[in-house]
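In what follows, a structure is listed as structure tokens, so that the remarks can point back to it.
These figures come from a predicted structure and were not determined experimentally. To find a chain, count down the sequence lines: A is the first, B the second, and so on, and within it residues start at 1.
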Number of protein chains: 2
Amino acid sequence: MIQSPFNCHFELTLELIGGKWKGLILWHLHDKKVLRNGEMLRLIPRITQKMLTQQLREMEENGLIRRVIYEQVPPKVEYSLTPHGEAIRPILEMMIDWGVEYAKDKNILIACTQQ
Amino acid sequence: MIQSPFNCHFELTLELIGGKWKGLILWHLHDKKVLRNGEMLRLIPRITQKMLTQQLREMEENGLIRRVIYEQVPPKVEYSLTPHGEAIRPILEMMIDWGVEYAKDKNILIACTQQ
DNA sequence: TACTGTACATACTAAAAGGTAACTATTAAA
DNA sequence: TTTAATAGTTACCTTTTAGTATGTACAGTA
């Protein structure tokens, strides 16, 4: 048997939800259930089209999100979470809770108005 | 009031425990309570001295770990978790659990023998 | 006198991640 | 005929993160 599943499984999870944008995209998908490309660009103003597409493609390949294309013009593409993507929610929530506690204790003022 | 604490607090947490080695270091500290530099190098064979020192310093600065120097030769320095560092444990555990489930479902074989 | 053990530091290089700007395709409406 | 709307792609550049190799300090032991 495996001595400790830590290293690999932690790194696996970190690889799939790490990076600058994935957590945020997942969070909005948790919130809204279904989102289109343009809606995400509006929800996450500082992300670029390139980064959004790139992160969505990676998460689709990893089976965290679903991509549904409607054959029409102008194009319509909808994104939503798979069960694996939904299962990540408690991790995101705990990370937020920890961050809130930490910021409170360290007196870190975070202005997240733009969102 | 803040519209959504997500972006910033999630990013804050990710900044503090992300990267290639921090989670692993924290995990070993959870396990052993107190560790010295050399012990960590042995527990994490693929880490280099430079990366270990760098990550330890960052986590010390962020208040996740404690560094105690004994004034003796050859030098002795002990590392342990602060309360904030200990509070991260459930996040690490959930990340591992999710990774295990995901790997099982996707038939990803992970050989973590070296650890 | 040279070597050992412990815990570093530093300069340099390589690789990964992220960002910018400009371009593509399609159909309908003005 | 030009413009709008949507969802991209691509080439190039910058920044961040990680890795390699070598050097430092000090007291005790061989």
key: Minimum-distance pair of heavy atoms, taken over all atoms of A/I17 and B/F10   = O-CZ, 4.2 Å
key: Distance-minimising heavy-atom pair for B/L16 and B/L64   = O-CD1, 3.8 Å
Which whole-number value in Å describes the distance from [X] [atom1] to [N] [atom2]?
X: B/E11; N: C/dA17; atom1: CD; atom2: P; value: 16 Å
X: B/R42; N: C/dA7; atom1: CZ; atom2: P; value: 8 Å
X: B/I69; N: C/dA7; atom1: CD1; atom2: C1'; value: 10 Å
X: B/M51; N: C/dC8; atom1: CE; atom2: C1'; value: 15 Å
X: A/L52; N: D/dT9; atom1: CG; atom2: P; value: 11 Å
X: B/M40; N: C/dT6; atom1: CE; atom2: P; value: 14 Å
X: A/Y70; N: D/dG8; atom1: OH; atom2: P; value: 14 Å
X: A/Q72; N: D/dT6; atom1: CD; atom2: C1'; value: 10 Å

task = Between B/T48 and A/E39, name the one whose nearest nucleotide on DNA chain D is closer to the 5' end.
result = A/E39
Does [N] have its OP1 or OP2 closer than 4.0 Å to a side-chain nitrogen or oxygen of [X]?
X: A/R57; N: D/dG8; answer: yes
X: A/Y79; N: D/dG8; answer: yes
X: B/K20; N: D/dG19; answer: yes
X: B/R67; N: C/dC8; answer: yes
X: A/R36; N: D/dA7; answer: yes

Donor-acceptor pair (no angle test) under 3.5 Å: A/K50 side chain, C/dG19 base = yes
message = Do A/T82 and A/R66 pair up side chain to side chain, a donor and an acceptor below 3.5 Å, judged on atom types alone?
response = no
inquiry  = Under 4.5 Å between side-chain heavy atoms, counting indirect links through other Ile/Leu/Val/Met/Phe/Trp/Tyr residues: same cluster for A/V34 and A/I65 or not?
reply    = no
ask   = Is there a donor-acceptor contact under 3.5 Å from the side chain of A/Y102 to the main chain of B/G63?
value = no
Nearest-nucleotide pick for B/P75, side chain only, options being C/dA9, D/dT20, C/dT6 = C/dT6
query = Starting at the 5' end of DNA chain C and moving along, which residue's nearest nucleotide shows up first, A/I47 or A/P74?
reply = A/I47
query = Listed by chain and number, what are the side-chain contact (heavy atoms from CB on, under 4.5 Å) partners of A/Q72, not counting sequence neighbours?
reply = A/Y70, A/K76
request  = Scan A/R57, A/Q49, A/K50 and name whichever one has a side chain to side chain donor-acceptor pair (under 3.5 Å) with A/T53.
outcome  = A/Q49
message = Given a 3.5 Å cut-off on both pairing distances, which stems involving DNA chain D, each at least three consecutive Watson-Crick or G-U pairs, are present, if any?
response = C:1-30 with D:1-30
